[in-house]
Amino acid sequence: MCNSIKKLVQKEQLQLIQKGILSIGDKLPEFVKKAVISTKKGIEISEITHNYAAEQGKWMVLFWWPKDFTFVCPTEIIEFNKNNKKFLERNAVLIGASTDTEYVHLGWRENHPQLAELSIPMLADTSKSLAEEMGILNCEEKVAYRATFIIDPQGIIQWVSVYPMNVGRNVDEVLRVLDALQTEELTACGWKAGEQTLSQQLKK
């Protein structure tokens, strides 16, 4: 890794520590935000609140990206969307978010073939207040880090991951962690759904 990237990663890590990123056991902050839910005329934009998943008794997977109309971000959004059915099967709702406006989200979706038919909402944290409250707002650029939160049906954060701006995340790992959390049991390193948990093994 070149020195410039090392310095960038170290700087981002320091900023996260200083801001105090929300972690396991913290409550998802209350919010009401605009979100793009479709490109169909008349139903493009709606409101989403912190209770969006909880009021349905579902888990929420809230994933953030830094900027619309960029390069790494659409690869992640498209991959999350491809796996949306798997999240739904696990009683989980996917929500994507950035600090761009709802109109920028809509424009991006209308101009990107693979984003046009997304089945997940794109939340617009235009005021940057939610990203800041969650501790994932980059101090210099004032955009969100590449962060993922798994939140249980009671609105409590159960897992957090934050990646540097230049590194895309792994959607399969998010699904694996969600599976592990939902067992409410001890799971070994690399455990996958369908395998015995450590709790099951210890009972024998």
Side-chain angles (χ1 to χ4, degrees), residues 11-37 44-68 70 73 76-77 80-81 83-84 87-88 90-106 108 118-165 167 169 171 173-175 177-178 180-182 184:
K11 196 171 190 179
E12 290 178 353
Q13 289 173 337
L14 179 61
Q15 288 176 345
L16 285 169
I17 292 169
Q18 290 172 339
K19 291 296 290 183
I21 184 170
L22 293 187
S23 191
I24 297 166
D26 289 331
K27 186 87 173 174
L28 177 67
E30 293 184 8
F31 66 85
V32 179
K33 299 286 181 181
K34 299 288 187 183
V36 175
I37 59 170
E44 302 98 327
I45 297 169
S46 185
E47 279 192 345
I48 285 182
T49 76
H50 58 286
N51 285 322
Y52 181 75
E55 63 189 9
Q56 304 175 59
K58 296 181 181 293
W59 292 68
M60 178 191 292
V61 176
L62 177 60
F63 69 97
W64 294 78
W65 63 88
K67 300 176 183 178
D68 291 8
T70 51
C73 301
E76 295 183 310
I77 298 167
F80 269 111
N81 190 61
N83 286 276
N84 190 30
F87 283 100
L88 291 173
R90 290 160 170 80
N91 197 40
V93 173
L94 274 175
I95 299 178
S98 82
T99 55
D100 292 282
T101 71
E102 62 270 29
Y103 301 108
V104 174
H105 284 338
L106 183 59
W108 194 23
L118 286 184
S119 56
I120 57 178
M122 299 174 78
L123 186 143
D125 184 25
T126 310
S127 67
K128 309 178 192 296
S129 58
L130 183 56
E132 186 168 25
E133 195 169 355
M134 297 188 81
I136 57 167
L137 190 68
N138 178 281
C139 297
E140 291 186 356
E141 293 196 60
K142 298 298 181 185
V143 296
Y145 283 102
R146 206 175 295 285
T148 311
F149 296 83
I150 295 180
I151 301 142
D152 69 22
Q154 287 71 50
I156 305 299
I157 296 169
Q158 297 294 345
W159 183 72
V160 183
S161 73
V162 184
Y163 284 51
M165 300 286 197
V167 179
R169 73 203 103 186
V171 177
E173 175 62 5
V174 181
L175 281 164
V177 173
L178 178 60
L181 287 170
Q182 290 182 342
E184 298 183 353

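All of these numbers come straight from a predicted model, not from anything done at the bench. Residue numbers start at 1 and run along the sequence shown.
- Pairs engaging residues 92-104 under the salt bridge (charged side-chain N to carboxylate O under 4.0 Å, His left out) rule: none recorded [sequence neighbours left out].
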Per-pair distances, 0.1 Å, donor-acceptor, side chain in residues 148-157, under 3.5 Å, sequence neighbours excluded:
unit_1, atom_1, unit_2, atom_2, d
T148, OG1, R169, NH1, 2.8
D152, OD1, Q154, N, 2.9
D152, OD1, G155, N, 3.1
D152, OD1, I156, N, 3.0
D152, OD2, Q158, NE2, 2.8

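- Of the N and O atoms on the side chains of D125 and T99, not one donor lies less than 3.5 Å from an acceptor on the other residue.
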Using residues 51-65 as the side-chain source, report each donor-acceptor pair under 3.5 Å to any protein atom, sequence neighbours left out, with the distance given to one decimal.
unit_1, atom_1, unit_2, atom_2, d
Q56, NE2, Y52, O, 2.7
K58, NZ, N91, OD1, 3.2
W65, NE1, D68, OD1, 2.7

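- When side chains are defined from C-beta on, Q182 counts as touching L178, because their heavy atoms get closer than 4.5 Å.
- To the nearest 0.5 angstrom, S98 atom OG is 4.0 Å from H105 atom NE2.
- With H50 contributing its side chain and P29 its backbone, the two residues share no donor-acceptor pair below 3.5 Å.
- Taking 4.5 Å as the limit, some side-chain heavy atom of M165 sits within range of a side-chain heavy atom of V143.
- Using a 4.5 Å heavy-atom cutoff, the side chains of V160 and I21 are in contact.
- When side chains are defined from C-beta on, L137 counts as touching K142, because their heavy atoms get closer than 4.5 Å.
- Between K67 and E141 there is a salt bridge, since at least one side-chain N of the basic residue sits less than 4.0 Å from a carboxylate O of the acidic one.
- Checked for salt-bridge contact, K33 and E47 miss the test: no charged N lies under 4.0 Å from a carboxylate O.
- You'll find the side chain of P66 stays beyond 4.5 Å of the side chain of N138, heavy atoms only.
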